[in-house]
There are 2 protein chains.
Amino acid sequence: MNDFNDSPISISTQALERMPYYLQHLKQLQKEGITVIASPAIAADLSLNEVQVRKDLAAVSTSKGKPKSGFIISDLIYNMENILGYHNVKDAVLVGAGYLGSALLSYKGFDSCGMHIVAAFDIDDTIVGTELCGKKVLPVNKLSGMCRRMNIHIGIIAVPEDQAQTVCDQLVAGGILAVWNFAPVHLNTPETIMVKNENMAASLAILSKHLQEKIKQS
Amino acid sequence: MNDFNDSPISISTQALERMPYYLQHLKQLQKEGITVIASPAIAADLSLNEVQVRKDLAAVSTSKGKPKSGFIISDLIYNMENILGYHNVKDAVLVGAGYLGSALLSYKGFDSCGMHIVAAFDIDDTIVGTELCGKKVLPVNKLSGMCRRMNIHIGIIAVPEDQAQTVCDQLVAGGILAVWNFAPVHLNTPETIMVKNENMAASLAILSKHLQEKIKQS
DNA sequence: TAGATTGTTAATCGATTAACAATC
DNA sequence: TAGATTGTTAATCGATTAACAATC
């Protein structure tokens, strides 16, 4: 409850990725008027291992949990949001204002994570200049200039695969450091750039594959 | 190159999730007219560890690689698509025809993975009955009936969070076995149902968090 | 043949799970 | 006090990386 984002012990990658789920659930509980929760209860609710939850909570919580009762929910929420950086505003640009771009622009959840999409870019002249979900659509030739001028570090690529590399190069030229790529191609970037690939089709296919295996077993 | 999807040795979850990236890249190489590739080359192209790639290829390939030259690309592609089940058609239903639903419906990549979205459902009377990306939008009250009648096993939830649980219950009632959930809530389901959560906001936030850590280090 | 690449066995690493004493 | 839950140390598990002989 005290200082800022000074995460002392580093949290494992996997634990970090579980945090949003804990957070979601804790906020739900809070909405229902519950103020204190113990790790075995969370584990049961989210179908996770008790020890895992206990360790995850211990890793993020600044205040200690009380044996028998557990943790104060509001404290946990604060700590988790802090660890995840939800309390700082982080700007991003979106390239590609098609269906997927629109979906991302309209996504309410970004705000509560401190993520802010500053502007959308597109090459299509018929939509450049219009507004989409309350944000101006700008021409791609302004992309790298704007990133640099506004000191933006995150770029989201939601363009067809044959344009993705070009867009990526422009983002890099604009000084972007991290790319969230929805185009199903491998992007070539300098080693310093962080790329997170999101392949919708592959995700669904893998879900289906896991399902098949599960059916086969039983 | 011989028999069907009879994956003898089970492939690790993580390896399976790398397959679509290999596949993407191999198809690209094939398009460029290349017919043979060695694992160190793939590793270099995709910035992966050489041994990892070698093991992954060995795990899926039915034909052996030749020392010095490597693997025949067309064989690898066939094997990977087979492992991932791209050669079978798998039906799915989509619930929620908003921006995100539209993005998923219009997504070209599903076809090549053998995934087929049969229909979209929504509660909004103003869009029920219309066509979206070439697919009829049906009323949600037909959801579970249609799933059962058509023997569909996969449901995609792209509705606001407060409707997600209801929709999920209807999918389960319709006999669905796997759920791809885009709503930021934990869904309560029978243990036999497979749920894959996709939290856009959290994904972006975690990317940003990793970026912050990387900046801090250097 | 010499050298690159293969398949495979062993060593390392990281994360999950189990065990247990400390505490409200 | 008794019992549930905590924090922490140790054991297990799975995946990645390293090492090396076999081969085209």
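Each chain gets a letter, A, B and so on, in the order the sequences are listed, and its residues count up from 1. Bear in mind the structure is a predicted one, so any value in this text is a computation, not a measurement.
The distance from atom NZ of A:Lys66 to atom P of D:dT6 is 13 Å, rounded to the nearest whole Å. In this structure, the CD1 atom of B:Ile42 is 12 Å from the C1' atom of C:dT5, given to the nearest Å. Between B:Lys68 atom NZ and C:dA4 atom C1' there is a gap of 5 Å when expressed in whole angstrom units. We find that CG of A:Leu57 is positioned 8 Å from P of D:dG7, with the value rounded to whole Å. A straight line from CD1 of B:Ile72 to C1' of C:dT6 spans 14 Å, rounded to a whole angstrom. Going from atom CZ of A:Phe71 over to atom C1' of D:dT6 covers 7 Å, rounded to whole Å. Atom CD in B:Glu50 sits about 16 Å away from atom C1' in C:dT8, given to the nearest Å.
Without hydrogens or angle criteria, A:Ser61 side chain to A:Leu57 main chain gives no donor-acceptor distance under 3.5 Å. Remark: side-chain polar atoms of A:Arg148 are paired, donor with acceptor, to backbone N or O of A:Ala173 under 3.5 angstrom. Of the possible polar contacts, none joining the B:Lys209 side chain to the A:Leu16 backbone as a donor-acceptor pair under 3.5 Å is found. In this structure a side-chain-to-backbone donor-acceptor pair under 3.5 Å is missing from B:Ser208 to B:Leu204. The main-chain N or O of A:Thr62 is found under 3.5 Å from a side-chain atom of A:Asn79 such that the two form a donor-acceptor pair.
In the helix from C:dG3-D:dC24 to C:dC24-D:dG3, the rotation axis of the first five pairs and that of the last five pairs differ in direction by 10°, rounded to 10 degrees.
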Margin query: Treating primed atoms plus P, OP1 and OP2 as sugar-phosphate and everything else as base, which nucleotides of nucleotides 11-19 of chain C get B, S or - for protein heavy atoms under 4.0 Å?
Written below: ----SSBBB
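You'll find the side chain of A:Lys135 stays beyond 4.5 Å of the side chain of A:Leu94, heavy atoms only. With contacts defined as side-chain heavy-atom distances shorter than 4.5 Å, the pair A:Ile176/A:Val93 qualifies.
Distances shorter than 4.0 Å separate some side-chain N or O of A:Ser39 from OP1 or OP2 on D:dT6.
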